[in-house]
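Computation of the quantities below employed the complete heavy-atom set of this structure, encompassing side-chain atoms and omitting hydrogens, waters and symmetry-equivalent molecules.
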Amino acid sequence: MNRKPVFDAVRRMLGRSFTQAEVNALDKAIDLAAVALPASEAPAPVPTPAPAAPTGAALGSPGAKLIKKWEGCATRRADGTFAAYPDPGSTDGKPWTIGWGSTGADVKKGVIWNQAQCDARFDVDMVAYVNEVATFLGAAATTQNQFDALVSFHYNTGSIRKSTLGSLHKQGKFAQAQEQFGKWIYNDGKPMNGLKSRRAEEAKLYGTP
């Protein structure tokens, strides 16, 4: 398959060149699209990578490891593929989730992805979340471990911009910010043991030099 027209089109849409992470993610997406699957199991299109973070920030391996630990590639089927599943902590089951915590309009009941599709979607999604956290932080002093912990928090909650945690971090009040992780343990108003444990690990990573 000639990939140049695809890359050229996306490059024009973004108005800039690609980062290496985006090239890798697009390559994976194109490879997956070329694999013929039954219609009932065909993946939704992988979204176009978001623009790279203006600071050149990137998720470190501790952050990626933490996120994947808590998101998990759940509901593995006997054939090695993964089925979308409802949020276990919400009353209406939303958002439906698949792979490494991926959600969106294309993730719903009956959707099935293989491992490569889950991995490719995670890589693409991370570009967007890293971008959002880096843009929010701006020039605020931030260590790599703090950044990783904040990306994990934002990936799970989507609330970096409106959180007291984010505001305190930008003010350089790191001890107070670290304490805020433990307040984000609720789903539909109910405290969740899994969220308690995840927030504790995020707070620990945030405070690790």
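- Every residue two or more places apart in sequence or in another chain was checked for a ring-ring contact (aromatic ring centres under 6.0 Å, His included) with F82, and none qualifies.
- Pairs engaging residues 174-186 under the side chain to side chain donor-acceptor pair (under 3.5 Å) rule: none recorded [sequence neighbours left out].
- Between K65 and D148, no side-chain nitrogen of the basic residue sits less than 4.0 Å from a carboxylate oxygen of the acidic one, so the salt-bridge criterion is not met.
- Of the possible polar contacts, none joining the D188 side chain to the K190 backbone as a donor-acceptor pair under 3.5 Å is found.
- Dense packing is recorded around NZ of K68, with more than 12 heavy atoms of other residues, nucleotides or ligands lying under 6.0 Å away.
- We find the OG-CD distance between S152 and E202 to be 3.5 Å, quoted to the nearest 0.5 Å.
- Taking the salt bridge (Lys or Arg N to Asp or Glu O under 4.0 Å) definition, one finds that E132 meets it with nothing, sequence neighbours left out.
- Looking at N145 and T143, their side chains never bring a donor and an acceptor atom within 3.5 Å of each other.
- Side-chain contact of W100 with D119: a donor-acceptor pair under 3.5 Å is present, judged by distance alone.
- Taking 4.5 Å as the limit, some side-chain heavy atom of I98 sits within range of a side-chain heavy atom of V111.
- Judged by distance alone, the side chain of T157 and the main-chain N or O of Y155 form no donor-acceptor pair under 3.5 Å.
- Centroid-to-centroid, the aromatic rings of Y206 and H169 come within less than 6.0 Å.
- For the 3.5 Å distance criterion, the side chains of E201 and S197 fail to qualify, holding no donor opposite an acceptor.
- At a threshold of 4.5 Å between non-hydrogen side-chain atoms, the residues M126 and I67 count as touching.
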